[in-house]
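Here is the structure we will look at.
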There are 2 protein chains.
Amino acid sequence: MPTSTFFNLPLDKRNKIIDLAIGEFEHLPYDKASVNRIVKESGIAKGSFYQYFEDKKDLYRYVIHLIVEEKLKYLSPLLSDPDSHGFFAVIEELFKSGIQFAREHPRYVDIARIHLADTASPLYREMVKEHLPRNQEIFRHLIDLGIRRGEIREDVDVDFLAHLITDMNYSVVDYTKKMGGDILDDQLMNLVGRLLKYLKEGIGVPRVTI
Amino acid sequence: MPTSTFFNLPLDKRNKIIDLAIGEFEHLPYDKASVNRIVKESGIAKGSFYQYFEDKKDLYRYVIHLIVEEKLKYLSPLLSDPDSHGFFAVIEELFKSGIQFAREHPRYVDIARIHLADTASPLYREMVKEHLPRNQEIFRHLIDLGIRRGEIREDVDVDFLAHLITDMNYSVVDYTKKMGGDILDDQLMNLVGRLLKYLKEGIGVPRVTI
DNA sequence: TCGGAATGTGACCTGTCAGTCATATTCATA
DNA sequence: TATGAATATGACTGACAGGTCACATTCCGA
């Protein structure tokens with residue numbers, strides 16, 4: 001966490017520093033991001049930086065913290081009561097809110113992607129590996145519930161399916177990023193609807209049962 | 001490409017250098033991998049290295065080249081005649097051969113994953129972005145064919161589905177890596193079978209049609 | 001207005017990196 | 001064995017990194 005000195009700074013200055021930090025981590029993995037550059041661009045002295053943050057890691061953690069906080073705002077209404085709706089409805093909402101987050105905070109998503117991909121960094125183990133299992137834990141719970149409710153076939157491999165749905169979530173967000181800005185919001189939501197249909201009913205031509 | 005000097009080297013020495021390079025790129029993205037380390041560990045002089053390779057990029061490209069070459073060995077029987085079997089059969093074989101490759105060359109897969117994740121490196125655009133579209137081109141072709149043959153519903157979004165299946169491929173390989181060595185080959189193949197069943201028929205409980 | 005605490009500053013330290021080059025060694029051929 | 005070509009070598013360069021610290025400036029309560 002940044003020092004109290006940092007939080008005493010005028011809001012402008014604070015925002016400028018964080019904004020430049022985000023700009024740095026948005027394009028470069030932790031190790032290639034440069035404190036020197038952030039400092040130079042923000043016009044503050046190197047020594048000042050190290051009075052605001054303990055070290056580079058401290059700044060990075062703080063940025064990730066801001067991202068996670070923001071993301072939780074999107075998810076919390078869902079996660080507060082995940083059992084109140086059907087499995088496919090909850091998954092659909094999760095995916096949609098993920099896309100919404102990505103559209104409204106594209107820089108955050110870029111940082112998160114780089115962060116999650118940078119398994120080489122010692123920060124990866126430290127920050128990701130401990131939080132990611134919870135993510136899949138939620139999916140596993142939802143799947144279990146879905147099976148008990150008779151929404152999902154009984155013979156699915158719960159672990160594997162949880163893994164798969166997690167990745168599908170990333171995949172659909174990536175796809176919308178790849179498509180870029182020239183895709184409308186309702187098209188996006190249609191996309192999620194389609195994905196859920198694939199997941200629920202498959203893409204094969206249904207067998208005719210008489 | 002390495003120089004002729006490199007290829008004139010005794011095989012032992014050549015293998016040692018490449019092996020250490022693989023060991024380096026296996027854990028670190030391009031920019032963090034160190035020529036100095038490779039040189040030190042392999043016991044050759046720095047100057048010698050630069051008589052074997054034009055620069056660091058040259059070595060990296062060569063390693064990636066070796067990986068792609070090896071991977072093609074697994075895929076070529078499939079890709080030589082992708083239209084001869086049904087859509088789901090071809091996809092199943094593609095996934096299975098991918099898993100097989102990952103099991104037999106885990107280090108290669110690690111390097112490839114790091115390479116594909118390192119979008120910050122200038123090498124990414126240069127090496128990946130030009131080859132990746134072909135990958136999805138193949139899937140798109142297969143899907144088109146599947147629709148025409150009546151194996152796949154007509155109303156699927158071909159682009160999105162191609163994207164999704166590409167990611168599913170990564171996902172299943174990742175899952176097997178996550179499970180580690182304590183998973184048997186036939187279990188793996190069952191896994192792919194299950195995945196394909198999800199894809200084809202969905203995970204929802206089938207509607208009863210009378 | 002004074003004095004101590006808080007904040008600001010940038011030259012400097014150590015380390016690592018990719019890449020170079022003058023020089024030494026080895027090798028093949030005549 | 002003599003000679004030129006091929007190969008080996010590691011000290012060196014310049015760039016950049018994160019982090020430090022002695023000193024300068026500002027701020028604020030008494």
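Note that these values count all heavy atoms, side chains included, but never hydrogens, waters or copies made by symmetry. Throughout, protein chains are lettered first and strands after them, A, B, ... in sequence-line order, and every chain is numbered starting at 1. No experiment lies behind these values; they were computed from the predicted model shown.
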Return all side-chain donor-acceptor pairs below 3.5 angstrom for residues 162-169 of chain B, not counting sequence neighbours, or 'none' if the list is empty.
| from | atom 1 | to | atom 2 | distance (Å) |
| --- | --- | --- | --- | --- |
| His163(B) | ND1 | Lys178(A) | NZ | 3.2 |
| His163(B) | NE2 | Ser171(A) | O | 3.0 |
| His163(B) | NE2 | Ser171(A) | OG | 3.4 |
| Thr166(B) | OG1 | Ala162(B) | O | 2.7 |
| Asp167(B) | OD2 | Ser171(A) | OG | 2.5 |

* Donor-acceptor contact present, side-chain Arg140(A) to main-chain Asp159(A), <3.5 Å -> no
* Reading DNA chain C 5' to 3', which nucleotide is the first, and which the last, to come under 4.0 Å of any heavy atom in chain B? -> dC17(C) to dC21(C)
* **Distance-minimising heavy-atom pair for Ile114(B) and His27(B)** => CD1-C, 3.9 Å
* To do: Could you tell me whether Lys40(B) contacts a base, only the sugar-phosphate backbone, or nothing, with contacts defined as non-hydrogen atoms closer than 4.0 Å?
  => nothing
Can you give me every donor-acceptor pair (side chain of residues 118-128 of chain B, partner residue at least two apart or in another chain, under 3.5 Å) with its distance?
| from | atom 1 | to | atom 2 | distance (Å) |
| --- | --- | --- | --- | --- |
| Ser121(B) | OG | Leu123(B) | N | 3.0 |
| Glu126(B) | OE2 | Arg61(B) | NH1 | 3.2 |
| Glu126(B) | OE2 | Arg61(B) | NH2 | 2.1 |

Which donor-acceptor pairs under 3.5 Å do side chains of residues 84-93 of chain A form with protein atoms, sequence neighbours excluded?
| from | atom 1 | to | atom 2 | distance (Å) |
| --- | --- | --- | --- | --- |
| Ser84(A) | OG | Asp81(A) | O | 3.0 |
| Ser84(A) | OG | Asp81(A) | OD2 | 3.4 |
| Glu92(A) | OE2 | Lys96(A) | NZ | 3.1 |

* Structure fact -> Across all chains, not counting sequence neighbours, the side chain to side chain donor-acceptor pair (under 3.5 Å) partners of Glu70(B) are Lys73(B), His105(B)
* Structure fact -> Contacts of Phe25(A) meeting ring pair (Phe, Tyr, Trp, His ring centres under 6.0 Å) (sequence neighbours excluded), chain-then-number -> Tyr60(A)
* chain A footprint on DNA chain D, 5' to 3' - any atom under 4.0 Å from a heavy atom -> dA17(D) to dC21(D)
* To do: Give one of base, sugar-phosphate or nothing for Thr5(A), where a contact means two heavy atoms less than 4.0 Å apart.
  => sugar-phosphate
* Can you sort out which residues in residues 116-125 of chain A have a heavy atom within less than 4.0 Å of DNA chain D? Ascending by number, please. => none
* Asked: What parts of residues 24-35 of chain A reach DNA chain D, counting only heavy atoms under 4.0 Å away?
  -> Ala33(A), Ser34(A), Val35(A)
* Listed once per pair and sorted, the side chain to side chain donor-acceptor pair (under 3.5 Å) pairs that draw on residues 2-11 of chain B, sequence neighbours left out -> none
* To do: Return yes if some donor-acceptor pair links the side-chain N/O of Arg14(A) with the main-chain N/O of Phe7(A) below 3.5 Å, else return no.
  => yes
* To do: Heavy atoms only: give me the nearest Gln100(A)-Tyr74(A) pair and the separation to one decimal.
  => C-CE2, 4.1 Å
* Using atom types as modelled and distance alone, determine if a side-chain donor or acceptor of Ser42(A) lies under 3.5 Å from a backbone N or O of Ile38(A). => yes
* With a distance cut-off below 6.0 Å to the six-membered ring centre and an angular limit of 45° from the axis, does Lys71(A) pair with Tyr108(A) as a cation-pi contact? -> no
* Mark yes or no for whether Arg153(B), through its side chain, and Gly204(A), through its backbone, hold a donor-acceptor pair below 3.5 Å. => yes
* Verdict with reasoning, Arg103(B) to Val109(B), per side-chain contact (heavy atoms from CB on, under 4.5 Å) -> CA-CA 9 Å; Arg103(B) 299 213 101 197; Val109(B) 176; over 6 Å; no
* Mind checking side chain to side chain contact (heavy atoms under 4.5 Å, CB included) for Lys32(B) and listing every partner two or more places apart, or none if nothing turns up? => Asp31(A), Leu28(B), Pro29(B)
* Neighbours of DNA chain D within residues 50-64 of chain B, by heavy-atom distance under 4.0 Å -> Gln51(B), Tyr52(B)
